[in-house]
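Notes for the one structure printed next.
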2 protein chains.
Amino acid sequence: MVTLSEENYLKAIYHLGNQGDDAVSTNAIAEQIDAKASSVTDMIKKLAEKELANYIKYQGVSLTETGRLTARSVIRKHRLWETFLVNKLNFSWHEVHDIAEQLEHIKSEKLIDKLDDFLENPTHDPHGDPIPDKNGNYTKIKSKSILDIETGSQGVLSSVKDSSKAFLKYLNKNELALGDTIKVIDFEPFDDSFTIETKSRTMTISREVAENLYLSI
Amino acid sequence: MVTLSEENYLKAIYHLGNQGDDAVSTNAIAEQIDAKASSVTDMIKKLAEKELANYIKYQGVSLTETGRLTARSVIRKHRLWETFLVNKLNFSWHEVHDIAEQLEHIKSEKLIDKLDDFLENPTHDPHGDPIPDKNGNYTKIKSKSILDIETGSQGVLSSVKDSSKAFLKYLNKNELALGDTIKVIDFEPFDDSFTIETKSRTMTISREVAENLYLSI
DNA sequence: AAATATTTTTAGACAAGGGTAAAAATATTT
DNA sequence: AAATATTTTTACCCTTGTCTAAAAATATTT
Ligand SMILES: [Mn+2]
Ligand SMILES: [Mn+2]
Ligand SMILES: [Mn+2]
Ligand SMILES: [Mn+2]
């Protein structure tokens, strides 16, 4: 039995440490989870005790195979629930994270499998992130940040790196949505800004925004 | 802020004590919640401290108006989720209780309102129990247990008093479902059994079963 | 290579929720 | 009205998950 809190830690380690492969620092987890470093040390010990994590004092923590699979199962639930909230209940993509953060901890294999079917086995959540299948497998759409795309070429907005409410609301305000075709028109070295063109208009975005928009070519 | 555990206690007191009006004994709650009496005493004190319950030592506990509304809100969530599980995810009515027991604690007003709309504002859950509205109001379908119905008359199965897995599976096996028209054909005083007639067949049921079937005339 | 700064761990405390065992209060029998 | 039985409460204890403050280890500067 893995507790709600343990699930949150596993997810944090997974995301911070390249799917749990790389060692993650106590402080990094503390910031992500919004807890103190001492609390994180305690929890890490418990995860190691349960063989969900590999931990060497002062050397950071990574996930065992079981830990990784558990993390993926939580992520699967999180992303399926987000998809439900947006596709079925008509939430906007900036409203769903906090609710999914709760729903991801509901314990029932059957529930999540039936939800998956009900949603017609979606492969990506409302933020363009891939949804792991029952076995934890998924394939990420090959895409590049606008930072790494040559001027003149175009692609389809397939995911956003930052899923914070603030960024998603910025995109809503500027009528940028997943699936939109975006062409990179110009790069301005003075302030590192980009000019992009969408179906409806041409606009300038900051480096910070460009960095978070991923296009598939 | 009312915790998950507090919500479960409020619900128990509500159900055991005539919507929280009557004083409920410590032992009765302990049995319902599956906890020890001493734990119940502790929690009751907390609820009284938060002004969710009225408590006099050795005299049992009832709900305050706030406590009652909170209980109804949890019941509303429970029954809406059960409806979702049966109507949208195709669960059978005997499988949903335990999952709803978890889902009822998800915190989001907006979620439950949108779920309500998505389900097209159902008035009753899969067991025939009424679903309170946003304000905690509901009207119970007027119905009578088969025990209290005269031989020869008929009605529509509108709810089941016992929602246990065992009883619901018995009904499934015997092809009895909400909405079925049932006619009470005979009463046998020897063993208090009843003979009933449904669209498809005539069958004999025990007193214990009859007691749990509610018909609206 | 020291000195200093930062990170991580340890030690000790606390609140929530639950349990045991014994004491106190209330109910039921005799 | 006692005696006995049952229920409820109290007094402690335990686990989970968190925190603060201090100690220890590791990193970074000088
Ligand atoms: Mn979570
Ligand atoms: Mn997402
Ligand atoms: Mn519950
Ligand atoms: Mn129900």
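Picking from C:dT9, D:dT8, D:dT10 the nucleotide with the shortest atom distance to the side chain of B:Lys57 gives D:dT10. Closest to the side chain of B:Tyr58, from the set D:dT18, C:dG18, C:dA25, is C:dA25. Taking only side-chain atoms of B:Tyr55, from C-beta outward, the nucleotide of C:dT20, C:dG17, D:dT9 with the closest atom is D:dT9.
Between A:Lys36 atom NZ and D:dA21 atom C1' the separation is 12 Å, expressed in whole Å. D:dT18 atom P lies 10 Å from atom CD of A:Glu6, rounded to whole Å. The NZ-P distance, from A:Lys50 to D:dT15, rounds to 14 Å in whole Å. Put simply, CG on B:Asp42 is 15 Å from P on D:dT8, counting in whole angstrom units. Between the CE atom of A:Met43 and the P atom of D:dC19 there is a distance of 11 Å, rounded to whole Å. Here D:dT9 presents its C1' atom at 13 Å from CD of B:Gln59, a figure rounded to the nearest Å. Atoms CD1 (B:Ile56) and P (D:dT9) sit 11 Å apart, rounded to a whole Å. One can place NE2 of B:His105 at 14 Å from C1' of C:dG17, the figure rounded to the nearest angstrom.
Under the 3.5 Å distance criterion, with hydrogens and angles disregarded, a donor-acceptor pair is assigned to the side chains of B:Tyr14 and B:Arg72. With hydrogens and angles left out, the side-chain atoms of A:Asn27 and A:Ser25 include no donor and acceptor closer than 3.5 Å. Looking only at atom types and distance, the side chain of A:Ser62 has a donor-acceptor partner in the side chain of A:Asn54 under 3.5 Å away.
Phosphate proximity of C:dT9 to A:Thr41: present, with a side-chain N or O under 4.0 Å from OP1 or OP2. Distances shown here put a side-chain N or O of B:Tyr9 below 4.0 Å from the OP1 or OP2 atom of C:dG18. Contact between the side-chain N/O atoms of B:Ser39 and the OP1/OP2 oxygens of C:dG17 is not found at any separation under 4.0 Å. Contact annotation: B:Lys45 reaches the phosphate of D:dT10 (side-chain N/O to OP1 or OP2, under 4.0 Å). An OP1 or OP2 oxygen of C:dT7 is reached within less than 4.0 angstrom by no side-chain nitrogen or oxygen of A:Ser25. Note on A:Thr3: a side-chain N or O is less than 4.0 Å away from OP1 or OP2 of D:dG17. In this model, the phosphate group of D:dT6 is not approached by any side-chain N or O of B:Asn27 to a distance below 4.0 Å at OP1 or OP2.
In terms of polar N and O atoms assigned as donor or acceptor, the side chain of B:Ser38 comes within less than 3.5 Å of the base of C:dT20 in a complementary pairing.
A:Glu7 has a carboxylate O that lies under 4.0 Å from a charged side-chain N of A:Lys107, or vice versa, which qualifies the two as a salt bridge.
Using a 4.0 Å heavy-atom cutoff across all strands shown, A:Ser5 reaches sugar-phosphate atoms only and no base atom.
When atom types are taken as modelled, the side chain of B:Asp162 and the backbone of B:Ser164 share a donor-acceptor pair closer than 3.5 angstrom.
For B:Lys144 and B:Tyr214, the positive end is not near the middle of the six-membered ring at less than 6.0 Å and at most 45° from its axis.
Side-chain rings of A:Phe84 and B:Phe84 approach one another, their centers coming within less than 6.0 Å.
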Could you go through residues 116-127 of chain A and list every donor-acceptor pair under 3.5 Å that involves a side-chain atom there, pairing it with any protein atom two or more places apart or in another chain?
from, atom 1, to, atom 2, distance (Å)
A:Asp116, OD1, A:Asn121, ND2, 3.4
A:Asp116, OD2, A:Arg76, NH1, 3.3
A:Asp116, OD2, A:Arg76, NH2, 3.2
A:Asp117, OD1, A:Asn121, ND2, 3.2
A:Asp125, OD1, A:His127, N, 2.7
A:Asp125, OD1, A:Gly128, N, 3.1
A:Asp125, OD1, A:Asp129, N, 3.0
A:His127, ND1, A:Glu82, OE1, 3.1
A:His127, NE2, A:Trp93, O, 2.9

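Taking a pair as Watson-Crick or G-U with both hydrogen-bonding distances under 3.5 Å, the stems of three or more pairs touching DNA chain C are C:1-30 with D:1-30.
Of the two residues contacting DNA chain D, namely A:Ala35 and B:Ala37, the nearest-nucleotide position lying further toward the 5' end is that of B:Ala37.
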